[in-house]
Amino acid sequence: MHRESLDSGLPQNQHQINTWIQHLKQRADNNPTPLVPPIKALLELVKQDKQLLLLSKQMFCPPQQTQQLQLSTLVLQSFDEFIVLLNAVMTQAPAYIRSNNLTAEAFNPSGFIGLPINALLTAAITSTASRHFFSNQLVCQQFKKILAYWSVYLTSEASRDVLVQDCLNQEPQILAWLNPIVQEQIIDIACQASFDPALKAFPFEHYFECDPNDEFYGFKSWDDFFTRKFTSSIRPIAAGEDIIANPCESAPLQVVENVELNARFWLKGHPYSLQNMMNFDPLAEQFVGGTVYQAYLNALSYHRWHSPVSGTIKKN
């Protein structure tokens, strides 16, 4: 895991991250729960592996920390504490965290969606020992199981509380995703594809399939809200045999022509190549010399993908 990729989607203010972790710690202390199976398995894995056990202790030792990240260690001080907080996240959906820097929020209104998992990992990955620990293949395999477990919660009705519950008496503030302020920002992002300022006057239900008469606007879970659908009139699909439609609600990042097989591209701090895109399939050779189009998807944007062209995908 790379810190650069974890920082993507987090507040730039380290104090805000640490404050959020303090709130999570208080919640875990007030509502202790047994470790969920995949987190319990991670803890057992570490205890049974001498090298991982040593790394788990070293990565929270103050001498290992860089001066720049000392503030993180004041909040997260041991692997056991990390495990307890990670367990608390398993029953928490991503919240909308309101910045205390309104200028920064104006430029990056969606910047806080990665808080639950990424904030903990950012606070934990602060040393050479921690990088070795989280790069371990067995640890990564177990984290995959932990994320899969969390995904079940995110598709449950219990995950909808962040859609309607504000927490205004803490810093940073948490706004409900269906709070009018957040709705306005989501609409603003949706309107960036148009030059008509009048569109911003329409309500949330004009843009997205939902039921404003329902407390949760008809969304069945956090995941259902996050992958909300546009209404049929909002994004008509361009027609024509010579047209390639944008597959998602993204903005151009770069276009690279005459691509080589091992040309390096970057995604959230991670390098990848044409071979990675094709999962090292021999067919990757056929795309050498082609064009790679990269685009950026805002976290507040419509999060569904569509085929850019009509047809049937076949592998020969």
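Here the closest heavy-atom approach between residue Ala28 and residue Leu85 is recorded as CB-CD2, 4.1 Å. Between Ala176 and Gln165, the shortest heavy-atom contact is CB-N, 3.5 Å. Here the closest heavy-atom approach between residue Glu215 and residue Leu178 is recorded as O-CD1, 4.1 Å. Between Ile243 and Ala238 the shortest heavy-atom distance is CG2-CB, 3.6 Å. Heavy atoms only, all atoms of each residue included: Ile186 and Trp177 are closest at CD1-O, 4.3 Å. Heavy-atom minimum distance, Pro94 versus Leu154: CD-CD2, 3.9 Å.
Between the side chain of Asp80 and the backbone N or O of Val84, no donor-acceptor pair lies under 3.5 Å. With Asn136 contributing its side chain and Leu138 its backbone, the two residues share a donor-acceptor pair below 3.5 Å. For the pair Asn298 (side chain) and Ser250 (backbone), a donor-acceptor distance under 3.5 Å is absent. Of the possible donor and acceptor atoms, one in the side chain of Arg27 sits under 3.5 Å from a partner among the backbone N and O of Ala88. Proximity of a side-chain donor or acceptor of Ser135 to a complementary backbone N or O of Arg131 within less than 3.5 Å is detected. Judged by distance alone, the side chain of Arg304 and the main-chain N or O of Thr227 form a donor-acceptor pair under 3.5 Å. In this structure a side-chain-to-backbone donor-acceptor pair under 3.5 Å is missing from Asn279 to Asp281. With Asn258 contributing its side chain and Thr291 its backbone, the two residues share no donor-acceptor pair below 3.5 Å. At least one donor-acceptor pair under 3.5 Å links the side chain of Gln142 to the backbone N or O of Pro38. A donor-acceptor pair is defined here as one N or O able to donate and one able to accept, closer than 3.5 Å; no such pair exists between the side chain of Trp222 and the backbone of Ala158.
The aromatic rings of Phe202 and His206 sit parallel to each other, their planes meeting at less than 30°, with 60° as the upper class boundary. Relative ring orientation between Tyr272 and Phe265 is described as tilted, the plane-to-plane angle lying within the 30° to 60° band. Relative orientation of the Phe82 and Phe143 rings is tilted, given thresholds of 30° and 60° on the angle between their planes. The aromatic rings of His303 and Phe226 are tilted relative to each other, their planes meeting at an angle between 30° and 60°.
If you chain together hydrophobic residues whose side chains sit under 4.5 Å apart, Leu300 and Leu297 never meet in one group. The cluster map of Ile, Leu, Val, Met, Phe, Trp and Tyr, joined by side-chain heavy atoms under 4.5 Å apart, puts Leu147 and Leu24 in the same cluster. Residues Tyr149 and Ile117 are members of one and the same hydrophobic cluster, defined by side-chain heavy-atom contacts under 4.5 angstrom among Ile, Leu, Val, Met, Phe, Trp and Tyr. Cluster annotation: Val152 and Ile146 are assigned to distinct hydrophobic clusters (Ile/Leu/Val/Met/Phe/Trp/Tyr, side-chain heavy-atom contacts under 4.5 Å, transitive). In terms of hydrophobic clustering, with Ile, Leu, Val, Met, Phe, Trp and Tyr side chains grouped at heavy-atom distances under 4.5 Å, Leu283 and Leu274 are assigned to a common cluster.
One finds a salt bridge joining Glu81 and Lys25 here, because a Lys/Arg side-chain nitrogen approaches an Asp/Glu carboxylate oxygen to under 4.0 Å.
Side-chain contact check for Ser159 and Asp223: no donor-acceptor pair (N or O, by modelled atom type) lies under 3.5 Å. Tyr217 and Glu209 are not linked by any side-chain donor-acceptor pair at a separation below 3.5 angstrom, with hydrogens and angles left out of the test. For the residue pair Gln254 and Tyr293, no side-chain donor N or O sits within less than 3.5 Å of a side-chain acceptor on the partner. With hydrogens and angles left out, the side-chain atoms of Asn276 and Ser273 include a donor and acceptor closer than 3.5 Å.
Within a 6.0 Å sphere centred on CD of Glu184, heavy atoms belonging to other residues, nucleotides or ligands number 12 at most. Surrounding CG of Leu168 are more than 12 heavy atoms belonging to other residues, nucleotides or ligands, all under 6.0 Å away. Within a 6.0 Å radius of CD in Glu260, other residues, nucleotides and ligands contribute 12 heavy atoms or fewer. Within 6.0 Å of CD1 in Ile237 there are 12 or fewer heavy atoms belonging to other residues, nucleotides or ligands.
Aromatic ring centroids of Tyr207 and Tyr302 lie 6.0 Å or more apart.
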Q: Start with the C-alpha gap between Leu43 and Phe79, add the side-chain angles, then the distance that decides, and say whether side chain to side chain contact (heavy atoms under 4.5 Å, CB included) holds.
A: CA-CA 9 Å; Leu43 185 59; Phe79 183 71; 4.0 Å; yes
Q: List the steps, then state whether salt bridge (charged side-chain N to carboxylate O under 4.0 Å, His left out) holds for Arg235 with Glu249.
A: CA-CA 10 Å; Arg235 290 292 185 273; Glu249 191 82 347; 2.4 Å; yes
